[in-house]
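Side chains included, hydrogens not; waters and symmetry mates left out as well; all remaining heavy atoms used. The chains referred to below are lettered A, B, ... by the order of the sequence lines, with proteins before strands, and numbering in each begins at 1. This is a predicted model, so every value here is computed, not measured.
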Protein chains: 2
Amino acid sequence: MNNKIKIGIVGYGNLGQGAELAINQNPDMELIAIFTRREPNSLGTESKVENISNILDYKDKIDVMILCGGSAKDLDEQGPMIAEYFNTVDSFDNHGRIPEYFDKINGVSSKSKNLSLISIGWDPGLFSLNRLLGQCVLPNGRDYTFWGNGVSQGHSDAIRRIKGVKNGVQYTVPVKEVLDKVRNCEDINVPPCERHKRICYVVCEDNEDLNKIENEIKTMPNYFAGYDTSISFISEEELKINHSKMPHGGFVIRTGNTGFDTKQKMEFNLTLESNPEFTSSVLVAYARAVHRMACEGKTGAITIFDVPLGYLSPKTGEELRKELL
Amino acid sequence: MNNKIKIGIVGYGNLGQGAELAINQNPDMELIAIFTRREPNSLGTESKVENISNILDYKDKIDVMILCGGSAKDLDEQGPMIAEYFNTVDSFDNHGRIPEYFDKINGVSSKSKNLSLISIGWDPGLFSLNRLLGQCVLPNGRDYTFWGNGVSQGHSDAIRRIKGVKNGVQYTVPVKEVLDKVRNCEDINVPPCERHKRICYVVCEDNEDLNKIENEIKTMPNYFAGYDTSISFISEEELKINHSKMPHGGFVIRTGNTGFDTKQKMEFNLTLESNPEFTSSVLVAYARAVHRMACEGKTGAITIFDVPLGYLSPKTGEELRKELL
C-alpha cells in the first residue's frame with residue numbers, strides 16, 4: 001500500500017493517452033487502470049486495461065476517474081453513469097449545454113456523495129478562469145478570446161463529411177491585425193468571424209469537382225460562412241506528413257480602464273504543440289484537486305470556478321507560501 | 001439599509017486612492033469610510049474620512065477592510081491590529097517575509113474569528129497564481145518571471161537616498177532577447193540580473209560630481225550591481241513631465257514538455273498604465289471574495305491560493321457557468 005492518488009482513465013483516444021503520459025509526470029499519482037469499450041489487449045499500452053463493463057470492480061480502488069470520452073456524446077452517457085460510483089473530472093466542452101450537463105451530474109453525484117468536476121481543459125477551463133479574472137479585476141472593460149493557431153477538430157470533421165472529400169484538416173488562425181489592435185488597448189467590437197481566419201487542407205476522391213467542394217466548404221453555415229476561408233487541395237501523403245499533429249493555442253485578453261481613463265491590459269496565452277496532451281495535463285492536475293476536496297467532504301458537481309488553485313499542487317500551503325507567493 | 005458589501009480603506013496613498021476609484025466601478029460595493037493617520041479634512045476626497053483612532057467605532061459597520069498601508073512596515077503594525085476586529089485584505093509584498101507575516105496574522109484572525117487574505121495584488125498575487133498553475137499543469141518544465149517595463153519604487157528610493165541626488169526614477173525593463181528566447185521555448189537558465197535592464201533618470205543637486213553618483217548607483221549591491229544599468233541626468237522639471245506616472249507590468253511564462261518531448265507554453269502578462277490603480281483593483285475584487293468566504297464561516301489567514309476564483313465575481317455560480325465557462 002502507498003498513499004499515492006489512485007487514478008482511473010475512461011477512454012483511450014488522444015485525451016486518454018495524454019492523461020496516461022501526464023500521470024507519469026506526477027509522482028504523487030498512480031494509474032490503476034484504463035477502461036475501454038474496446039478489446040483490452042488491443043490498446044498497445046503497458047498500463048492495466050479493463051473492459052468498461054468491469055468498472056464497478058474498482059469502486060473502492062480508485063480515488064478519481066478521469067473521463068476521456070472522445071466527444072460530448074460519450075460524456076453525456078458516461079458522466080452520470082460513472083459519477084454514481086466514483087469521483088470524476090471531465091472535459092465536457094459543449095459550451096451551450098454546460099448548464100444542463102452540470103445539473104444532470106450534480107443530481108447524480110450529490111446523491112452518491114461523490115465529487116464531479118466538469119468542463120476542465122483550456123477552453124472551457126483555463127481560458128474561462130482568465131475571462132472571469134479579467135471581468136472581476138477590470139469591471140469597466142472588454143474581453144476577447146482568440147483561438148489558434150490550431151487544428152479545430154469540429155471544423156475538420158465538417159470538411160470530412162462533405163461528399164467527395166477523403167480527408168481534411170482545418171486550422172483556426174487569429175487575424176493578426178485585429179489581435180494587434182486588441183493588444184494595443186483599442187476598444188473594438190469584432191465578432192469571432194472577423195477575429196479568425198480558417199485555413200483548410202483537403203484531400204479529395206479522384207475526379208471530383210474541386211470548385212464545387214471549395215464552394216461547399218466556404219458557404220457552410222455556422223462553420224465557414226462569413227469567415228475568411230482559404231482552401232488548398234493536397235494529397236493524402238502530404239496531409240499525413242505535414243498536418244497530422246494537433247497544435248493549438250489562443251489568447252484571452254482583457255482591456256479596461258481604472259480611475260480616470262487609465263488603460264490596463266491582462267493577457268493569458270497558450271502555444272501548444274499538442275492540444276490533447278495539454279488538455280489531459282490540465283485534467284490530471286485538477287484530478288488532484290478533486291481528490292483533496294473530496295477528502296474534505298465536498299460532494300456534487302463543481303467547475304473550475306469553485307477550485308482554490310492551491311489544491312492543484314502536491315505541495316503544502318506552507319510550501320506554496322514560501323516558494324511561490 | 002442595503003445589502004451592498006461595506007468596505008473600509010485604511011491608508012490614503014496611491015493604493016488607497018486607487019481602491020476608492022475601484023469601489024466606484026463595482027455597484028455591489030459601498031465605501032463606508034477611509035481611515036487615515038492624517039488630519040481627515042486634508043485628504044481632498046468626497047468620501048467619508050475618519051482618523052484611524054476611531055476605527056473601532058466601525059466594528060459592526062464594515063464587512064471588509066482593505067489595508068492600503070504604503071509599506072510592508074505599515075502592514076506589519078496595522079495588519080494584526082485590524083485583523084483583531086475586522087476581515088481584511090492586504091498587499092503585503094515582502095516575499096521573503098510572507099511566511100512570518102502569515103503566521104502572525106493567522107494567530108490574530110483565527111482567535112478573533114475574522115478572515116484575513118494577505119499578499120494580494122499582481123506580484124505577489126496574480127503572478128503567484130500563474131506560477132502555481134504553470135508548475136501544476138506542466139510539472140516537467142521551467143517558469144520565468146519578467147518584470148517591466150515599469151517603475152520600481154524600491155529602486156527609485158535607493159537612488160534618492162544617495163547623497164547629492166534630489167530625485168530619481170528607475171524603470172525595470174525585460175531584456176528583449178532573453179524574453180524572446182523564453183517565449184520560443186528555449187530551456188535557458190538566466191538569473192534575474194540577466195533578464196532585466198535598469199534605466200534610471202536622476203536629478204542631482206547643483207555642482208555634484210555626476211561620475212561619482214553614476215558609479216555609486218551602478219555598483220550598489222542588491223539593487224544595481226550585476227545589472228545592465230543606464231543613467232540619464234535630467235532636470236527636476238523633465239522628471240515631473242515625463243516620469244511622474246507609475247506604469248508597470250510583466251510576464252510569467254511556463255514552458256515545459258508533455259509526453260515524448262512535446263513543447264507547451266503558458267504565458268500571463270500585464271501592461272499597466274498605473275501600477276497602484278491596478279493593484280487596488282485586484283484588492284477590491286478579492287475583498288468581495290473575503291466577504292463571501294467570511295459569510296460561509298471561514299476564519300484565519302489565507303492567501304490567493306486558497307480562494308476559488310468564482311468568489312471574485314458578483315455573479316452566481318449559475319450565471320458564471322452559463323456566461324463564462
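- Between B:L325 and A:P124, the shortest heavy-atom contact is O-CB, 3.3 Å.
- Interface remark: of the candidates B:I98, B:D123, B:I118, B:I98 forms the most heavy-atom pairs closer than 4.5 Å to chain A.
- Of the listed residues (A:L133, A:V252, A:L21, A:L324), the greatest number of heavy-atom pairs within a distance under 4.5 Å of chain B belongs to A:L324.
- Taking chain A as the reference chain and counting heavy-atom pairs below 4.5 Å, the highest number among B:L126, B:L270, B:L283, B:N24 is found for B:L270.
- For the options A:F268, A:F251, A:Y286, heavy-atom pairs under 4.5 Å to chain B are most numerous at A:F268.
- Counting only heavy atoms from C-beta outward, the side chains of A:S274 and B:Q264 approach each other to under 4.5 Å.
- Among the candidates A:A285, A:C185, A:G249, A:C136, the residue making the largest number of heavy-atom pairs closer than 4.5 Å to chain B is A:C136.
- Contact tally against chain B (heavy-atom pairs below 4.5 Å) for A:E20, A:R183, A:K263, A:R131: the top residue is A:K263.
- If you tally non-hydrogen atom pairs under 4.5 Å between each of B:P99, B:P139, B:S280 and chain A, the highest count goes to B:P139.
- When each of B:V307, B:N26, B:D103, B:L320 is scored by its heavy-atom pairs under 4.5 Å with chain A, the top score falls to B:L320.
- Across B:K322, B:K315, B:Q25, the residue that shares the most heavy-atom pairs under 4.5 angstrom with chain A is B:Q25.
- For A:E273 and B:T262, the side-chain atoms include no donor-acceptor pair closer than 3.5 Å.
- Counting heavy atoms from C-beta outward, A:M266 and B:N269 have side chains that stay 4.5 Å or more apart.
- The two residues B:S281 and A:V137 have their closest heavy-atom pair at CB-O, 3.3 Å.
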